[in-house]
Amino acid sequence: MTTSTEDNMNSLLKISNLQVSLGTKYKPVKIIRGFDLCLEKGEIVGVLGESGSGKTVSSRMIAGLFEKDESSMDAGEILFKGKNLTMLSEKEMNMIRGREIAYVFQDPTMSLNPYKKVGKQLRDFLDTHDIEYTSESLVNTLKEVGINRPETVLEMFPFQLSGGQNQRIMICQAILGKPDLLIADEPTSSIDAMLRKKILDLLTDINRKYGMAIIFITHDFDVAKYICDKLVIMYGGLMIEQGPLERILSNPMHPYSDELIKCASSLDSGDSRLYSLEGSPLVPSQFRDECPFYNRCAYRIDSCLEGIPKMVDVTGGSTRCPVWAERGKSRV
Amino acid sequence: MKRMNMPLIMGTLIIVLLLAVILFPEAFTSKSPYNMQHLIFSREGGSLEVEVAPHPPSAQFILGSDDMGRDIYSFIIYGTGLTILLGVLTAIGRFLIAVPMAISAGFGNGTSKTTIRQFNILFSAIPALLISVIILKLDYLAGLDKRASILAFVTVLSLVGWPKLGALLMERVDFINKQPFIRSEVAIGKGRIKIAVENVFPHLAPEMVVLFFMEIARALSMIMQLGIFSVFVGFLKIIKDTEGGVSFYDISFEPEWAGMLSTAKNFLSTAPWAVIFPAIAFFISVLGFNLFGEGLRNILQRKDSLFIPRVRKLLSFDIKYIWSSFSRKGKAFSVIFVVSIIFSLSFFILAGNGKKLDITDVSLPEAHTAVIGTDEAYAAARLISTKMEELELTPMDSESFIHTYTIPTVSLILEQKFVLGNQDKYSAGTDYTILDSPDGSFSGGIYDATRMDLFSMEDFSMMEDYFVMIDKAYYNDAAISYFMNKIEGSVSVRGFILVARSGEMHPNIYCDRIAPTTRVMISGETAKDIKDMEKPEINISISAKTLGETGLNVIGFCKGMDELLNEEVIMIGLPFNYSDDGEKQILGFGIRLMEEICKKDKNRRSLMFVFMDGTDYSKLSGIHALEADYPYSASKTKVFINMLDLNQAGFDNLIFSNLQAPFTRQYAWSLGRQLKSNLEQAGIGITEAKSIFFGDQYYFTDDPTYNTMFMDRGIATIIIAADDEGNGKNSIEHLGRILVDTINDNIY
């Protein structure tokens, strides 16, 4: 899949055919077998998938958070504002990380240095990138992310704060650099359910206010539904469907997406009998050259075993199920 | 209720105790660790009982003594400093290697990772102890001085010990690197070095503080084990000839625990106390450091530990802020911390001072010469005694520093001339020496009586009006004087020419004026010239002045500080006569040396400075008077440093000998040995004084006065004299510094 440079200039981030292996160079395990993403400025895209589907690995690959010896990129390219991130040196990446691409981790308390006061950490970050600030602007940003009594919080250590507060501080740190892209890796999964919505609202606000694009990684369909404009659904290290949220909800073009929606809506509708998907998700050791969903698919046909299916463009996105793509086309 | 941190309390107690012992050893024991008491005498039931060291624990020796009669308790007390210092330095050395290695390995540097792993494997396969023993047993290392051997010791122990620490730290760095917050630091765009400094290091710090104390404990137990293999600082191997053959001793003169173990292990069955107590000392300090480390771990690894922020504050050097930030306990601790740092630094500062002994600012008498029996000599003696008074030395007899003695009547040669035929090439001292002569000019032929048997001769008429030449080699002195009297009694001769025995020629500025005719001693070469001449003619002229009959010894006593040792005296003998301005410097040197050695109140032993008169002529030398009327107990005079023949301000080589300071005179022996090695190290060449071995003693043949103190008074003697040869590239100032340092540092 080749893309002209002009196209790339328009989109903020364009990932094509990303393939990643993890582990030592003697025993690599292929984690990502195919991942494409196109993100425009100000968009919120959700990457949805079960654990082990490769969503975290692909997002860390974007920010280059793996050590050189623990991961290898087998194919594909990551173009960010026209620059191929995989070709950049460590030093150049350091200029981008935090400044242009911010990352919010899953476990906020663990992700802050336990021996540094919050204020010190934020100031360290700003100093690293030579961003000018005043203590007033710092306090204001903290207020903006919903921290009460920010002056006190600045003098506290991370372990003295709650998970929700720490997550806000992580988000605050992320937006202090006014990046173009924020990668949020399951930011709500380790937070109390009551606070989840607040954090999501905060992210939406930031998105609106700063026009910051967000890659939102989650395994929770409801969360994705609440916040995202666009969805990328992953399964077995492969992107299997992508498209606008509305379209996927109303008209999923892959059997797995269909099942996901059914599971989620059966919760919503309060059915006495919950719908669940038979079988278990694929782990990397079971990856084979076939449709990853074959074993659990109700619509499988023999041709699904003939290699990994290609992405097929459909109205409003693309899908990795040629069978459904055919059916959808015929339905239209 | 807060739980008590018992390990920390115990550890702190032990370390504070150790620190106190290191800083104020004299508060713990009044005994000197160097004092040896090999024999204990006691009277029981009328019979004399003699007990030979090692002595068991008793009221006199609390923990017993070792085989040389040194008190184990005070040896342990005084040995604490050096032993702990070694442990601390070794731990520092290991950290200096291990920390950079571990951090770079933790950040993925393959070389460091491999180095740490391979060294670890190597030292698990071959015990580090074995390697250290092999390296440190090398002859080269065994012969180093104190500071160099500490350095070598620490280096070797660091090199063999770091991999274990490195592996431990590497694991720790790895672990820290895997923490989520490190990932988030990467995600905000920080570089590796910045992360290492800002995150990894602070997280490593508590662990390192803990490991540091544990490492000291490890190093100490290694030092203990090395001690058992006779490897320790200040290692001295002594080979002693005994009737049963040659036996080797590993003796430590430096108080240090490992050294004690080494010597004492041979007496394990007969004198177990000599091994057990040093081992207990090791055990307690190892335990102390381990407990302290353990206790610190308990504190530092709590999440709300304020240790790291405190360290940060310390590094900010805002002293007022730091001080106010400490609690009362913290203040006390920080004082101890600072004191211990100053202490360890001062060790290095004190260890080295290499300035020369400057003699330029000593005020000397104006006269250009000062020989025995003259007013100038008296002035010089006054100057010395004034100086002694200034330095608050005490005189040996209550009145004066100056002791007088009577000298035989002697004259100082003012002018002399010796012309053979028409040759005027002969120089006094090497070719001829006038021994005795009336004033005036005498000339005449020479009658060669060297081949005659003077004993059987009765008729001397053929010698009439001649100078008679006699070969001293055939007769003894008594016989020669008998002949001369006999010849003079029967005929009138012009004088006597005595051919010197081999090595007998000596320069002389004195002569007698007793004999009616001239007596001159000539060298073998001059004699040969005379024999070659057909009709030898000689002209001798001399004018001399009779000297006073009083010699002056100036003696000052400088009391030592150690109450148990200040009965022991080091006697330093110096000349004070001079016959030219160059020699006058020696007087300055002597005064300066005395100032320098006495002004420091750190002399444990007492010192006796003796400035002697007439040292340039053995007949007049004050040493005889001193020996005959020795003002102190000879048995308590541990050594006599004889510099009476030091008659040149510049020299290439020194004539040096410690042969009369044998091993049986322990203090003199070790001082002599130390002095010799220090001189050699300073690049001053050493010529052994000529000696013969007779019976079981050495006799010096260069000058009879060399032997006086040792042979007649039994005082061990170290000879230092200037060698005439060479062009004087070394100065007495150089020698002075070495003497001062050696005497001040000599702790044995």
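Chain letters run A, B, ... following the sequence lines, proteins first and then strands; every chain starts at 1. Atoms considered below: every heavy atom in the structure, side chains included; atoms not considered: hydrogens, waters and symmetry mates.
Around the CE atom of B:Met10, the shell of radius 6.0 Å holds no more than 12 heavy atoms that belong to other residues, nucleotides or ligands. Under a cut-off of 6.0 angstrom, the local environment of NZ in A:Lys198 is sparse, with at most 12 non-hydrogen atoms contributed by other residues, nucleotides or ligands. Enclosure of atom CZ in B:Phe175 is not indicated, since only 12 or fewer non-hydrogen atoms of other residues, nucleotides or ligands lie within 6.0 angstrom. Enclosure of atom CZ in A:Phe80 by more than 12 non-hydrogen atoms of other residues, nucleotides or ligands within 6.0 angstrom is indicated.
Listed by chain and residue number, B:Glu215 satisfy the salt bridge (Lys or Arg N to Asp or Glu O under 4.0 Å) test with B:Arg218 (two or more places apart in sequence, or in another chain).
With a 4.5 angstrom heavy-atom cutoff, A:Gln173 touches chain B only via side-chain atoms. Both the backbone and the side chain of A:Asn113 come within contact range of chain B, judged by heavy atoms closer than 4.5 Å. Proximity to chain B is absent for every atom of A:Met95, based on heavy atoms less than 4.5 angstrom apart. Heavy atoms of A:Phe105 lying under 4.5 Å from chain B belong exclusively to its side chain.
Of the inter-residue distances, the one linking A:Asp107 atom CG with B:Arg183 atom CZ reads 8.5 Å to the nearest 0.5 angstrom. One finds the CD1 atom of B:Ile188 at 9.0 Å from the CG atom of A:Leu126 (value rounded to the nearest 0.5 Å).
A 4.5 Å side-chain heavy-atom check between A:Leu112 and B:Phe181 finds every atom pair outside the cut-off.
Under the salt bridge (Lys or Arg N to Asp or Glu O under 4.0 Å) criterion, the residue pairs touching residues 170-184 of chain A are A:Lys81-A:Asp180, with sequence neighbours excluded.
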message = If you apply the rule side-chain contact (heavy atoms from CB on, under 4.5 Å), what do you find for B:Ser184 with A:Met170, and how did you get there?
response = CA-CA 9 Å; B:Ser184 71; A:Met170 287 298 285; 4.3 Å; yes

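A:His129 places no side-chain N or O within donor-acceptor distance of the main-chain N or O of B:Lys190, the cut-off being under 3.5 Å.
Nearest heavy-atom pair, B:Ala187 versus A:Tyr103, reported as atom, atom and distance to 0.1 Å: CB-CB, 3.9 Å.
Using a cutoff of 4.0 Å between basic side-chain nitrogens and carboxylate oxygens, A:Arg97 and B:Glu185 are not scored as salt-bridged.
In terms of non-hydrogen atom pairs under 4.5 Å with chain B, the most contact-rich of A:Val104, A:Ile101, A:Asp124 is A:Asp124.
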